[in-house]
Amino acid sequence: MSRFGGPEVLEYTEVDEPIPATSEVRVRLFAAGINPNEAYIRTGTYSFYTPELPYTPGFDGAGVVDAVGEGVKHLKIGDRVFVAALLAKRNTGTYAQKVVCDANAVHRLPESISYQQGASLGIPALTAYRALFHRAKIKPGETVLIHGASGGVGLLVVQMAKGIGATVIGTASIEEGKSLVKASGATHVLEHITEGSIDKIISLTNGKGPEVIIEFLANMNLETDLKMIAPYGRIVVVGNRGSLEINPRLAMMKEADILGMALWNASPDEYNASLHAVEAFLESGMLHPEVGDELTLEEAEKAHAQILNKKARGKMILSID
Ligand SMILES: NC(=O)c1ccc[n+]([C@@H]2O[C@H](COP(=O)([O-])OP(=O)(O)OC[C@H]3O[C@@H](n4cnc5c(N)ncnc54)[C@H](OP(=O)(O)O)[C@@H]3O)[C@@H](O)[C@H]2O)c1
């Protein structure tokens, strides 16, 4: 990108090969994740981050380590890895054949996980972890409604919640998305909840409502969430694209908590701990990222044109030649 704007500002071009400094590595990438926040950043109006131009987008990817800076102990040339560089001090961008970033943003990828799946981790997996464990503090045995379970983040929330012994209800629009939510471990899969379908959730939870709601479109759903959350429940706002009017009495009556969540706010300790947890979940088989639409690096513009509008069926990625 040499300017901010619509998807057309993404140009496929040649740049110099980046060189890793002390505590950095270079990864030869075979896939990169496409995240909604990269589309927000592209406009130059995103509240968390405005890059200097020219800028190569991308925080997530997977590939093989091909150069190692001084002082890097946990990685060597040839290791299969995934990159999760949102909070890295240096990140040259994963929409590229090669990326240089802090070595501690790069972790090993088990043989059983493909590069495409590895590129689906990064922001989605760390967001799922933070929403469930750092913010909702979910406990085994609780019921969690994942309101928007079919996307890059939602499916990993389903898998993590199921893996620690929560009962999962997930929502999605299209049949393909619903099947993935079910296959990821949801006990019940429904359309996104509206005023007219609150009773359905209440009856599925024996009249109580879910203890936790992970919310991906709060501007549509927050008032509905407050109507169906269990007493003393927690609603974590992960996604929001506008504003709405709510009656705060709903929160008061149930002593419900509305918890904001932004991965950008994770401390270095929290971020690193989440990465280690994700690595362990992958090894154990608890996490198995579902890759949806796969475009090529040259098609980044098309990917950005679709990411904010297309119905989700897993994680959108770019494959890299
Ligand atoms: N707070 C953070 O740190 C953080 C981090 C990562 C992502 N996010 C945000 O979280 C959201 C999801 O990210 P993603 O990467 O998973 O995107 P994605 O793959 O495009 O998925 C979007 C999800 O939203 C669902 N959705 C659509 N309409 C909905 C509705 N009325 N109610 C509930 N859910 C609805 C979609 O379901 P269908 O397509 O099946 O309708 C899909 O599951 C985005 O807004 C993103 O910006 C926030």
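Reckoned from all heavy atoms, side chains included, excluding hydrogens, waters and symmetry mates. Fair warning: this is a prediction, and the values are worked out from it, not measured in the lab. Counting starts at 1 for both ligands and their atoms, in listed order. Just so you know, residue 1 is the first one in the sequence shown, and it goes up from there.
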Any N or O on E215 sitting closer than 3.5 Å to an N or O of ligand 1? no

Under 4.0 Å from one or more heavy atoms of R241, ligand 1 contributes atoms 44 (C), 45 (O)

Quiz item: Protein heavy atom under 4.0 angstrom of atom 22 (C) of ligand 1, is there one?
Solution: no

So for P36 against ligand 1, with non-hydrogen atoms under 4.0 Å, the contacting part is side chain

Short version for N221: what comes under 4.0 Å of ligand 1, heavy atoms counted, is side chain

Between Y40 and R241, a side-chain donor and acceptor under 3.5 Å: yes

**Message:** Are F216 and H192 an aromatic pair, judged by ring center distance below 6.0 Å?
**Reply:** no

Can you find an N/O atom of G314 closer than 3.5 Å to an N/O atom of ligand 1? no

- [ ] Could you tell me whether T127 and ligand 1 have an N or O pair separated by under 3.5 Å?
- [x] no

Students often mix this up, so state it plainly: with edges at 30° and 60°, are the rings of H276 and H107 parallel, tilted or perpendicular?
perpendicular

query = Considering distance alone, does some N or O of M261 sit under 3.5 Å from an N or O of ligand 1?
reply = yes

Ligand 1 to L263, heavy atom cutoff 4.0 Å, flagged ligand atoms 2 (C), 3 (O)

Here the atoms of ligand 1 under 4.0 Å from any heavy atom belonging to A262 are 1 (N), 2 (C), 3 (O)

- prompt: Does a salt bridge link E195 with K227, judged by any charged N lying under 4.0 Å from a carboxylate O?
  reply: yes

Atoms of ligand 1 under 4.0 Å from any heavy atom of Y40, numbered from 1 in the order shown, are 44 (C), 45 (O), 46 (C), 47 (O)

Report task. Could you say whether the N/O atoms of I174 and ligand 1 ever approach to under 3.5 Å? Result -> no

task = Ignoring angles and geometry beyond distance, decide whether V237 reaches within less than 3.5 Å of ligand 1 through its nitrogen or oxygen atoms.
result = no

Ligand 1 to I307, heavy atom cutoff 4.0 Å, flagged ligand atoms 20 (O)

T171-ligand 1 polar pair, N/O distance under 3.5 Å: no

Salt bridge (Lys or Arg N to Asp or Glu O under 4.0 Å) with D66: of R28, R26, R80, K76, only one passes, and it is R26

